[in-house]
Amino acid sequence: MSKLKIAVVGGGNIGSSLAFDCALRGHDVVVIEKDALSCEKSRESITETAAYAPLFSPLAKGKTPETIVQNIVWSQDLSVVSDCEFIVENITENIALKQALYASMAEFIAPHAVLAANTSCIPITKLGSFHRVPSQVIGVHFMNPVYLKPTVEVIIGFNTAEQTQERCLQILEKLGKNAVVVKDGPGFVSNRISHLFMNEAAFTIQDGIAQPADVDAIFKGCFGHKMGPLETADLIGIDTVVNSLEVLYQMFQDPKYRVCPLMRTMVDAGHLGRKTGKGFYTY
């Protein structure tokens, strides 16, 4: 299998998980971050994942963290995307920040490259409008942890070229992913549904109906979910869930997407989930 050259722009939870998965499969990866501290946090996260991955992934068995991480480099320079065939934009769910990033990256992206937006809820057509070649932009929604999730949601924007879609699906196949292709729309399929799920679960806590462990136990024990909605919110990050719900509310103007006040309070308190050590659970 030929090596891919992949850029991951934004090395947060999902970005670092994606970079690790790509490196685990032997591809060359560059993680682009805004500053040195963010680069170091991403490196630490990936190294930690590499240490325990052999317990869960057959691909990681017999590989040391060093052999996996050696396929990854970190940079603060957007120009390094110029020789990458697959560029995954993975920064925070903020339209203004994404617009500025796409404008800054545009001059460096090769004509044959695929620009994949790993956004939570912002329509791909909207993001494509920020790029000088909208036909290059496609949505690829990776799930966390990426190396344990074989399926991805692929979203076709209004201007996404057929060639971009074909090339993207070829790349995803090399990454060992099954692609489910859907049309564009706020939240697509996965987050349009799942964020309502997490939000309503938070309301049951706010209303004193149950404790977080009870809510999650019902969905794991009764419905066979691997994780409950509140565990999932903690994994994603409460701030990310809130930002995504706000995008859905703005796009649909539907009150069903109103953010649970409890989650806003948690964000104000810095209780963002696993990444801060406290959310609906303490870690």
Side-chain angles (χ1 to χ4, degrees), residues 1-51 53 57 59-60 63-93 97-119 127 130-133 136-147 149 152 154 164 167-168 170-177:
M1 181 184 69
S2 59
K3 271 190 175 186
L4 295 168
K5 181 68 181 292
I6 298 167
V8 178
V9 186
N13 285 341
I14 193 75
S16 291
S17 184
L18 171 61
F20 168 78
D21 186 45
C22 295
L24 181 62
R25 296 171 187 277
H27 301 293
D28 292 327
V29 185
V30 55
V31 177
I32 302 169
E33 272 289 10
K34 57 187 177 182
D35 52 44
L37 179 60
S38 298
C39 287
E40 187 55 36
K41 285 182 177 179
S42 172
R43 188 193 305 272
E44 290 173 358
S45 175
I46 292 172
T47 302
E48 182 181 351
T49 301
S57 172
L59 286 175
K63 295 182 179 179
T64 66
E66 291 75 20
T67 59
I68 297 170
V69 176
Q70 71 181 4
N71 290 327
I72 306 173
V73 296
W74 283 264
S75 177
Q76 299 169 56
D77 183 2
L78 282 174
S79 69
V80 298
V81 306
S82 61
D83 63 345
C84 294
E85 55 201 297
F86 192 50
I87 302 160
V88 183
E89 177 273 304
N90 188 68
I91 68 169
T92 190
E93 193 75 350
L97 291 177
K98 288 180 183 289
Q99 182 173 10
L101 172 65
Y102 281 52
S104 298
M105 280 197 301
E107 65 178 294
F108 305 116
I109 297 175
H112 67 277
V114 173
L115 175 52
N118 187 28
T119 180
L127 294 176
F130 301 149
H131 183 44
R132 67 179 181 182
V133 188
Q136 283 186 289
V137 182
I138 190 169
V140 183
H141 191 194
F142 292 95
M143 309 297 171
N144 199 20
V146 180
Y147 71 99
K149 302 291 185 178
V152 298
V154 174
T164 299
R167 181 65 181 134
C168 182
Q170 291 169 357
I171 290 170
L172 290 172
E173 185 176 1
K174 286 186 177 184
L175 295 178
K177 304 302 182 187

Atom pair [atom1]/[atom2] of [X] and [Y] - distance to nearest 0.5 Å:
{"X": "Asn118", "Y": "Leu18", "atom1": "CG", "atom2": "CG", "value": "7.0 Å"}
{"X": "Met105", "Y": "Glu89", "atom1": "CE", "atom2": "CD", "value": "6.5 Å"}
{"X": "Leu101", "Y": "Asn90", "atom1": "CG", "atom2": "CG", "value": "10.5 Å"}
{"X": "His131", "Y": "Leu127", "atom1": "NE2", "atom2": "CG", "value": "11.5 Å"}
{"X": "Asp21", "Y": "Leu59", "atom1": "CG", "atom2": "CG", "value": "8.0 Å"}
{"X": "Arg25", "Y": "Ser57", "atom1": "CZ", "atom2": "OG", "value": "7.0 Å"}

Mind listing the closest non-hydrogen atom pair of [X] and [Y] along with its distance?
{"X": "Ala60", "Y": "Leu24", "answer": "CA-CD1, 3.7 Å"}
{"X": "Ala110", "Y": "Gln136", "answer": "O-NE2, 2.9 Å"}
{"X": "Lys174", "Y": "Ser2", "answer": "NZ-OG, 2.8 Å"}
{"X": "Cys84", "Y": "Val80", "answer": "SG-O, 3.7 Å"}
{"X": "Asn71", "Y": "Ala23", "answer": "ND2-O, 3.2 Å"}

Residues Lys149, Asn144; criterion side chain to side chain contact (heavy atoms under 4.5 Å, CB included); working and verdict: CA-CA 7 Å; Lys149 302 291 185 178; Asn144 199 20; over 6 Å; no
Do [X] and [Y] have side chains that approach each other closer than 4.5 Å (heavy atoms only, starting at C-beta)?
{"X": "Val140", "Y": "Val88", "result": "no"}
{"X": "Gln76", "Y": "Ser38", "result": "no"}
{"X": "Ile6", "Y": "Leu175", "result": "yes"}
{"X": "Ile68", "Y": "Phe20", "result": "yes"}
{"X": "Val146", "Y": "Lys177", "result": "yes"}
{"X": "Val8", "Y": "Phe142", "result": "no"}
{"X": "Glu85", "Y": "Arg167", "result": "yes"}
{"X": "Val152", "Y": "Leu172", "result": "yes"}

Compute whether any side-chain donor of one residue and acceptor of the other, for Ser75 and Asp77, lie under 3.5 angstrom apart.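 Short answer, no.
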If only atom types and distance count, is the side chain of Ser16 paired as donor or acceptor with the main-chain N or O of Gly11 below 3.5 Å?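 It does hold such a pair.
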State whether the side chain of His27 and the backbone N or O of Cys22 hold a donor-acceptor pair below 3.5 Å, judged by distance alone.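 No: the side chain of His27 does not pair with the backbone of Cys22.
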A quick test of your reading: do over 12 heavy atoms of other residues, nucleotides or ligands sit less than 6.0 Å from NZ of Lys34?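 Check fails, neighbour count at 12 or below.
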More than 12 heavy atoms from other groups under 6.0 Å of NZ on Lys5: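 Yes, the 6.0 Å shell around NZ holds more than 12 heavy atoms from other groups.
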Walk me through whether Arg43 and Glu40 qualify under salt bridge (charged side-chain N to carboxylate O under 4.0 Å, His left out). CA-CA 5 Å; Arg43 188 193 305 272; Glu40 187 55 36; 3.7 Å; yes
